[in-house]
Amino acid sequence: MATSMVTFVFLSVTIFISIFPATSSSAALDKGFLKCFQTILGADNTTSGVIFTKSSSSYEPLLKSTIRNARFLKSSVPKPNLIVTPHSLFHIQVALLCSKKSGLQVRVRSGGHDYEGLSYVSNVPFLIIDLVNLRSITINMDEESAWVQSGATVGELYYAIAKRSKVHGFPAGSCSTMGVGGHFSGGGFGTIFRKYGLASDNVIDAEMIDVNGKILNRTLMGEDLFWAIRGGGGSSFGVITAWKIKLVSVPSTVTAFDVSRSLDQGATNLLHKWQTIAPKLPAELFLHTVVGVSNSASQIGKTVVVSFSGLYLGTAENLLPVMQNSFTELGLQSNNFTQMTWIQSVLYFAGFSIDESLEVLLRRNQTSSSFKAKSDYVKDPIPLSGLEGLWKILLLENSPLLILTPYGGIMSEISESEIPFPHRKGNLYGIQYSVNLVSNEEAPKHMDWIRRLYAYMKPYVSKLPRQAYLNYRDLDLGLNQGNSGYEKAKTWGLKYFNNNFESLARVKARVDPGNFFRDEQSIPPL
Ligand SMILES: Cc1cc2nc3c(=O)[nH]c(=O)nc-3n(C[C@H](O)[C@H](O)[C@H](O)COP(=O)(O)OP(=O)(O)OC[C@H]3O[C@@H](n4cnc5c(N)ncnc54)[C@H](O)[C@@H]3O)c2cc1C
Ligand SMILES: *[C@@H]1O[C@H](CO)[C@@H](O)[C@H](O)[C@H]1NC(C)=O
Ligand SMILES: *[C@@H]1O[C@H](CO)[C@@H](O)[C@H](O)[C@H]1NC(C)=O
Ligand SMILES: *[C@@H]1O[C@H](CO)[C@@H](O)[C@H](O)[C@H]1NC(C)=O
Ligand SMILES: *[C@@H]1O[C@H](CO)[C@@H](O)[C@H](O)[C@H]1NC(C)=O
């Protein structure tokens, strides 16, 4: 899009901004924003279908449409003054300009899956730029690449790829409703990441709009900014409007399995073994574990249940000897395996039946519960005594859920500074802890439980810093306070980014020195 038009817009608006000072009331901010937007769009252009105010009947359904953590549906949670749903990049440019001028803070939302709701919650007057209308996907089969707009979900991307090829895929996460805007900018891992790396490892170009309203591609943004948005989180640097990705090869037949063991079936020893086996398996084999409690499983009452769930990029026949040789104790046989296509494995890990029509991947609606999650990285196997102590804590809760994701494979070969996501060599596995908060009344009890669990795990996980995964956002790790800077932000910044945090803060200083794009855990300029 023409840079000249943008320049024109910026010049013409500078003149009338001075009408509304930054200290205006919330309503005045809205008015200022709307007037600014309408003025730029011109008399023939309406904002209907683009800007939704609180008085619009679409405002509430739109706001709720992608809230994936019901904790943030409560009426006490601050709501945006306005929701902008751009139909073009031009609308985003105008929205940025007018929010800057009117003093409304901006939150950008793609799929809305942020664990702490940062894409749609703020304590200061703000608006949401929701990219729901920008979700085209263009696949170039000759180049084995695709351009995917940020508002698309990973389900829509997997679907689009499968419609073109049975032997291509993309290494992103399992939940089909995640937006590629947030997911790719924070890393993004799934069932084939030990073979191909993270979603952001497979991004080859990007289109974004910076704080000055300029549309940038990889060449124009510079390699430092292109580096930063692949794992450093999008929300600190601008509005990412599209990613160009490299498709990866998948075989025409893959094999999945999912078997569970309770404590009386030897789950403790199996999980203890799993810790050293899973990270060393061939990169084609992903074997994660999901740990929960069951109230019904056996006559012994409440017990911990560990499920071992795997995806192999190959046939059941080839998988069998791998499992029997490397993990004899699990006792898997051919009939424990299900062969399927890669896209069926996407359904499988997204929680659908593999016989469902692929169109379920296009659904954007999803039930949401109220939850709190946290994450860790494990570098040395947890001893049996540590696991036994962990079970005692899990058994105190009704709905604890731990997902243990094995690293290794290509993840150990990519350098820690290749992109901002630093969790590479030396990690056996990552842990995600989560708990259902059930209700407002019960929430504090469950919050307290998960924090005690996190405290218990300290001796067993990465130290100095205790590392965490940005896409499992956790505000307990620390908050930006006002304009407090880099040193304070290190408390959470080093956990997510380790040695890459400083570089991120330098990129931030170059591209957004005024800290326009900010939230509770955005990168401060250094
Ligand atoms: C049910 C569920 C399952 C999950 N499973 C996985 C998984 O398998 N693997 C995994 O790696 N992660 C997983 N996650 C975590 C997920 O990767 C993150 O929540 C991710 O940030 C979601 O992206 P989004 O676009 O949906 O979120 P949003 O809430 O829209 O955005 C997240 C953050 O990115 C910013 N952002 C969003 N879009 C843009 C943009 N276009 N430009 C600039 N900034 C932007 C937002 O402002 C916010 O700070 C899961 C989350 C949930 C809720
Ligand atoms: C509205 O503005 C956009 C962007 O300038 C332009 O492309 C479009 O043609 C305009 N529509 C009308 C009806 O003027
Ligand atoms: C980026 O945009 C510039 C200016 O429009 C263009 O010359 C260049 O070819 C683009 N780069 C890529 C990789 O598309
Ligand atoms: C694997 O298959 C066997 C034979 O059908 C079955 O008995 C066993 O329960 C299965 N194993 C698991 C762990 O589910
Ligand atoms: C989503 O919509 C589909 C189709 O309308 C419906 O069948 C499904 O039950 C809905 N799912 C949820 C979680 O609301």
Side-chain angles (χ1 to χ4, degrees), residues 66-70 72 86 92 106-122 126 128-132 134-135 149-154 171-191 193 198-200 206-210 229 231-243 257-261 265-266 270 288 306-308 323 329-337 349-351 356 359-360 362-369 371 373 375 401 403 405 421 430 432 434 469-473 517-522:
T66 58
I67 292 186
R68 285 297 167 250
N69 190 340
F72 303 109
I92 301 178
V106 167
R107 292 295 163 103
V108 181
R109 183 164 79 169
S110 291
H113 281 49
D114 193 273
Y115 280 6
E116 300 278 10
L118 296 195
S119 54
Y120 54 87
V121 181
S122 170
F126 73 111
I128 297 177
I129 296 180
D130 189 313
L131 300 177
V132 61
L134 296 178
R135 41 199 250 240
Q149 283 190 304
S150 296
T153 63
V154 298
S174 302
C175 170
S176 56
T177 50
M178 290 185 290
V180 306
H183 187 58
F184 293 9
S185 62
F189 68 78
T191 55
F193 91 124
L198 306 166
S200 49
E207 176 187 75
M208 70 180 284
I209 303 184
D210 74 6
I229 58 173
S235 66
S236 306
F237 301 103
V239 182
I240 296 147
T241 50
W243 304 102
F257 59 92
D258 186 7
V259 300
S260 297
R261 293 284 189 276
Q265 294 169 327
L270 287 173
H288 78 165
V306 179
S307 80
F308 296 84
M323 284 306 295
E329 302 83 347
L330 200 53
L332 292 187
Q333 295 159 16
S334 320
N335 54 2
N336 300 121
F337 300 142
F349 283 92
E356 282 263 18
E359 276 68 31
V360 297
L362 305 179
R363 278 189 197 160
R364 297 174 73 93
N365 60 335
Q366 184 188 278
T367 48
S368 64
S369 62
F371 67 91
S375 66
L401 192 70
I403 302 179
T405 304
F421 177 100
Q432 173 180 207
S434 66
Y469 175 36
L470 176 69
N471 266 345
Y472 293 159
R473 172 118 41 213
F517 290 107
R518 65 181 183 276
D519 60 34
E520 288 75 2
Q521 285 184 341
S522 58

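Residues: numbered from 1 along the sequence shown. In listed order, ligands and their atoms are each counted from 1.
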Write 'none' if nothing qualifies; otherwise put on separate lines each N/O atom of ligand 1 with a protein N/O atom under 3.5 Å away and their distance to 0.1 Å.
residue  : atom   : partner : partner atom : Å
ligand 1 : 8 (O)  : Ser174  : N            : 3.2
ligand 1 : 9 (N)  : Phe189  : O            : 2.9
ligand 1 : 11 (O) : Phe189  : N            : 3.0
ligand 1 : 11 (O) : Tyr469  : OH           : 2.6
ligand 1 : 17 (O) : His183  : ND1          : 2.8
ligand 1 : 17 (O) : Asn471  : ND2          : 3.2
ligand 1 : 19 (O) : His113  : O            : 3.1
ligand 1 : 21 (O) : Asn471  : OD1          : 3.1
ligand 1 : 23 (O) : His183  : N            : 3.1
ligand 1 : 25 (O) : Gly111  : N            : 2.9
ligand 1 : 25 (O) : Gly179  : O            : 3.3
ligand 1 : 25 (O) : Gly182  : N            : 3.0
ligand 1 : 26 (O) : Gly111  : N            : 3.4
ligand 1 : 26 (O) : Gly112  : N            : 3.4
ligand 1 : 26 (O) : His113  : N            : 3.2
ligand 1 : 26 (O) : Gly179  : N            : 2.9
ligand 1 : 27 (O) : Gly112  : N            : 3.4
ligand 1 : 27 (O) : His113  : N            : 3.1
ligand 1 : 29 (O) : His113  : N            : 3.2
ligand 1 : 29 (O) : Asp114  : N            : 2.9
ligand 1 : 29 (O) : Ser119  : OG           : 2.6
ligand 1 : 30 (O) : Ser110  : N            : 2.8
ligand 1 : 30 (O) : Gly111  : N            : 3.2
ligand 1 : 30 (O) : Gly112  : N            : 2.8
ligand 1 : 38 (N) : Ser110  : OG           : 2.7
ligand 1 : 41 (N) : Ser110  : OG           : 3.4
ligand 1 : 41 (N) : Ile240  : O            : 2.8
ligand 1 : 42 (N) : Ile240  : N            : 2.9
ligand 1 : 44 (N) : Ser235  : N            : 3.4
ligand 1 : 47 (O) : Val108  : O            : 2.7
ligand 1 : 49 (O) : Arg473  : NH2          : 3.2

- prompt: What protein heavy atom sits nearest atom 13 (C) of ligand 4, and how far away is it?
  reply: Arg261 NH1, 2.7 Å

message: Main chain of Gly234, side chain of Ser185: is a donor-acceptor contact present, judged purely on distance under 3.5 Å?
response: yes

task: Answer yes or no: does an N/O atom from Asn335 fall short of 3.5 Å to an N/O atom of ligand 4?
output: yes

message: Heavy atoms only: which of Asn365, Thr177, Val360 lies closest to atom 12 (C) of ligand 5?
response: Asn365

task: Pull out every atom of ligand 4 sitting under 4.0 Å from any heavy atom of Asn336, numbered as shown with elements.
output: 1 (C), 2 (O), 3 (C), 8 (C), 10 (C), 11 (N), 12 (C), 14 (O)

message: Quiz question for you: does at least one protein heavy atom lie closer than 4.0 Å to atom 9 (O) of ligand 5?
response: no

- request: Would you name the heavy atoms of Gly111 and Thr66 that are closest together and state the gap between them?
  value: O-CB, 3.4 Å

Ring geometry between Tyr472 and Tyr469 (parallel below 30°, tilted from 30 to 60°, perpendicular above 60°): perpendicular

- prompt: In terms of residue, atom name and distance, what is the protein heavy atom nearest to atom 7 (O) of ligand 5?
  reply: Arg363 NH2, 3.8 Å

task: Go through the steps for Gln149 and Leu131 under the test side-chain contact (heavy atoms from CB on, under 4.5 Å), then give the verdict.
output: CA-CA 9 Å; Gln149 283 190 304; Leu131 300 177; over 6 Å; no

Atom indices of ligand 5, in the order listed, that fall short of 4.0 Å to a heavy atom of Thr367: 13 (C)

statement: Here the pair of heavy atoms bringing Thr177 nearest to Arg363 is CG2-O, 3.5 Å

- prompt: Applying the side-chain contact (heavy atoms from CB on, under 4.5 Å) test to His113, which of Cys175, Ser368, Ser119 qualifies?
  reply: Cys175

query: Taking C-beta and beyond as the side chain, do Ile403 and His288 meet within less than 4.5 Å on heavy atoms?
result: yes

message: Check whether Arg135 reaches the backbone of Thr153 with its side chain - one donor and one acceptor, N or O, closer than 3.5 Å.
response: no

- request: May I ask whether atom 5 (O) of ligand 5 is less than 4.0 Å from at least one protein heavy atom?
  value: no

query: Got a donor-acceptor contact below 3.5 angstrom from the Trp243 side chain to the Val180 backbone?
result: yes

task: Step by step, work out the ring pair (Phe, Tyr, Trp, His ring centres under 6.0 Å) result for Phe371 and Tyr115.
output: CA-CA 8 Å; Phe371 67 91; Tyr115 280 6; 5.2 Å; yes

